[in-house]
Amino acid sequence: MPGGAWGARWGLGQDRGSCPRPEGWALRKEHGLPGPARWGVAPGLDGGAQAWVLERDLRLPPCRVPGEDGSGWLPGPHAGPLPCCSNSLIATNAARLRLIAGPEKRLLEMGLRRAQGPDGGLTASTYSYLGGFDGSSNVLAGQLRGVPVAGTLAHSFVTSFLGTEVPPDPMLAPAAGQGPTVDLAASVETWLERVCAHLGLGVQEPHRGERAAFVAYALAFPRAFQGLLDTYSVRRSGLPNFLAVALALEGLGYQAVGVRLDSGDLLQQAQEIRGVFRTVAAQFRVPWLESVPITVSNSIDEEELARLAQKGSEVNGIGIGTSVVTCPRQPSLGCVYKLVSVGGQPRMKLTEDPEKQTLPGSKAAFRLLGSNGSLLMDVLQLAEEPPPQAGQELRVWPRGAQESCTVRPAHVEPLLRLWVQQGQLCEPLPSLAESRAFAQLSLSRLSPAHRRLEQPELYQVALSEKLQALVDKLSASSPRESPMVGAA
């Protein structure tokens, strides 16, 4: 999808509405996050990614929810909007795609037309950027949320030209601003003959309408010219037309910024195009042409992304739409909002399913890190307990374990921050850039195996001894039914 001026010109990205801005939440997930890895990015206040969390464990809230302890709002009516399910899914999905692509590939969100709901496009663009994408084709996300906007021209733009159009002003001044103007359209025709001769093509093979579209784009954006190569034929039309325009611009001191492929075997075509760029660069002594970025798109999922990101790939940028904004591997996130305390007295839901049990009492959360910054575990404790200290031994109960263990963290980070109290902000909300930086810092702390998504379990969530004792006490004092005779 076109971004920048073209997107604004065509009215793209006009999905009105605003992102939900919850005051906080505590989540508990009942179903898997996208893919096998059991972690996720949990956006909180206005896009804040506040915690990496594990499957089946309490979600770490970035702030206290008024009424979380039963003293204010009734929890029930707020159970729907507070968890920000779609935001967490999209941010987590984007983070997975970033891990698969690696740090070098440029990832662009291009899923505006696939996003769901009245403000789904804005939400998807915002939270995919938070999760690790580099930009979006959604110009409204750029205007309202500060998401970097990027894109190329559209096939419809290319096909709207027949080749008989005469540019209103075909003259283009040199990039340096000095020297006579040049008829760009005429210069392109001259270069086309030389390019076709080099490629072994007839000068009539490249599509005239496509070439006219490229010339029109270059006249409008000479410093940002890029070509969409597959409208008619990559090898026989898109590529020679792009090269003719790029070389004509180079004569005036401009450099083309890239090409895009949107069909076919993207990996193979990128390798072939890179080879052509290298031979043309050598033939016409234009060194920068060798490294023109190649961007690809076309229903790219995790498997295809891994293929495009493999070593030796000539792909520089990847546009992903449906696979990031709809989360096809896990299109919904099962969450609940549960009461943990009333008037300072802990409350606990036991249920018939141990995985759905809640943890009682108002809590604090801390992340324990090793000396090299690696993740050790997250610790949940009652709010009144003193926080863990770096360098001091701590006894904890890992979730699901039968025995306690000791840990000595080198660093301790608090995960629970008080943002809203009695309806008032306690400190300024984090910006989208700050939230994105937090998420990327968390990604950087993963082990190489986790970054390759080879290990489903990340690290443990553990309870303090006092919290575990409270869980045991409430579990033992609550009446439990005996199994039904004959029950399946």
Side-chain angles (χ1 to χ4, degrees), residues 26-33 35-40 42 50-61 92 334-336 338 340-341 346-416 442 445-450 453-478 480 483:
L27 297 185
R28 194 176 197 285
K29 204 170 73 55
E30 298 170 342
H31 305 290
L33 282 161
R38 296 177 179 179
W39 51 263
Q50 304 301 328
W52 289 93
V53 291
L54 287 177
E55 188 176 26
R56 297 189 303 275
D57 287 298
L58 189 70
R59 293 312 182 257
L60 309 181
T92 299
C335 300
V336 292
K338 294 301 180 184
V340 297
S341 178
R347 295 292 186 269
M348 181 179 181
K349 175 185 175 183
L350 292 175
T351 82
E352 299 301 321
D353 184 351
E355 291 191 354
K356 298 187 70 174
Q357 291 180 1
T358 60
L359 297 176
S362 296
K363 292 173 285 295
F366 298 90
R367 176 149 297 155
L368 309 186
L369 305 171
S371 57
N372 61 353
S374 60
L375 302 173
L376 298 179
M377 64 176 60
D378 287 348
V379 171
L380 292 172
Q381 63 180 49
L382 295 174
E384 63 265 21
E385 295 184 69
Q389 300 296 317
Q392 294 185 5
E393 189 174 87
L394 180 68
R395 181 168 293 276
V396 296
W397 287 79
R399 295 286 284 158
Q402 300 299 318
E403 298 181 355
S404 63
C405 68
T406 57
V407 62
R408 189 186 299 272
H411 307 281
V412 178
E413 292 182 355
L415 293 178
L416 185 64
S442 296
R445 288 172 168 170
L446 300 180
S447 69
H450 288 133
L453 303 179
E454 293 175 354
Q455 298 181 12
E457 298 293 347
L458 279 181
Y459 56 99
Q460 293 175 316
V461 171
L463 308 186
S464 68
E465 282 195 291
K466 190 172 182 179
L467 178 54
Q468 182 64 50
L470 179 60
V471 170
D472 293 341
K473 176 183 177 181
L474 295 179
S475 298
S477 62
S478 298
R480 301 297 298 271

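Owing to the predicted nature of the structure, the values given are computational and were not obtained by experimental measurement.
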L394 vs L368 side-chain heavy atoms within contact, under 4.5 Å: yes
Can you check whether V412 reaches P387 side chain to side chain, under 4.5 Å on heavy atoms? no
Find the distance between CG (L467) and CG (L382) and round it off to the nearest 0.5 Å. 5.0 Å
Shortest non-hydrogen pair, H411 vs G370, comes out as CD2-O, 3.4 Å
Between E384 (side chain only) and S362 (backbone N and O only), is there a donor and an acceptor less than 3.5 Å apart? no
If you define the side chain from C-beta out and look only at heavy atoms, does anything of L359 sit under 4.5 Å from V340? no
Is a side-chain donor or acceptor of T358 paired with a backbone partner of K349 at a separation under 3.5 angstrom? yes
Grab the two heavy atoms, one from E465 and one from W397, that are nearest each other, plus how far apart they are. CG-NE1, 3.9 Å
Which distance, rounded to the nearest 0.5 Å, do you find between the OG of S341 and the NZ of K363? 8.5 Å
For the CG atom of L463 and the OG atom of S404, what is their distance to the nearest 0.5 Å? 11.5 Å
Where is the tightest heavy-atom contact between P414 and F366, given as atom of each residue plus distance? CA-CD2, 3.7 Å
Would you kindly say whether S374 and N372 are connected by a side-chain donor-acceptor distance under 3.5 Å? yes
Could you state the interatomic distance from CD (Q381) to CD (Q468), rounded to the nearest 0.5 Å? 13.5 Å
Minimal heavy-atom distance between G361 and P346, with the atoms involved, is N-CB, 3.9 Å
Do L375 and L369 pass the side-chain contact (heavy atoms from CB on, under 4.5 Å) test, and can you show the C-alpha distance, the side-chain angles, and the key distance before you say yes or no? CA-CA 5 Å; L375 302 173; L369 305 171; 3.5 Å; yes
Donor-acceptor pair, distance only, cut-off 3.5 Å: does the side chain of R408 make one with the backbone of G391? yes
Student check: side-chain heavy atoms of R367 and D378 closer than 4.5 Å: yes
In Å, rounded to the nearest 0.5 Å, how long is the span from CE of M348 to CG of L350? 5.0 Å
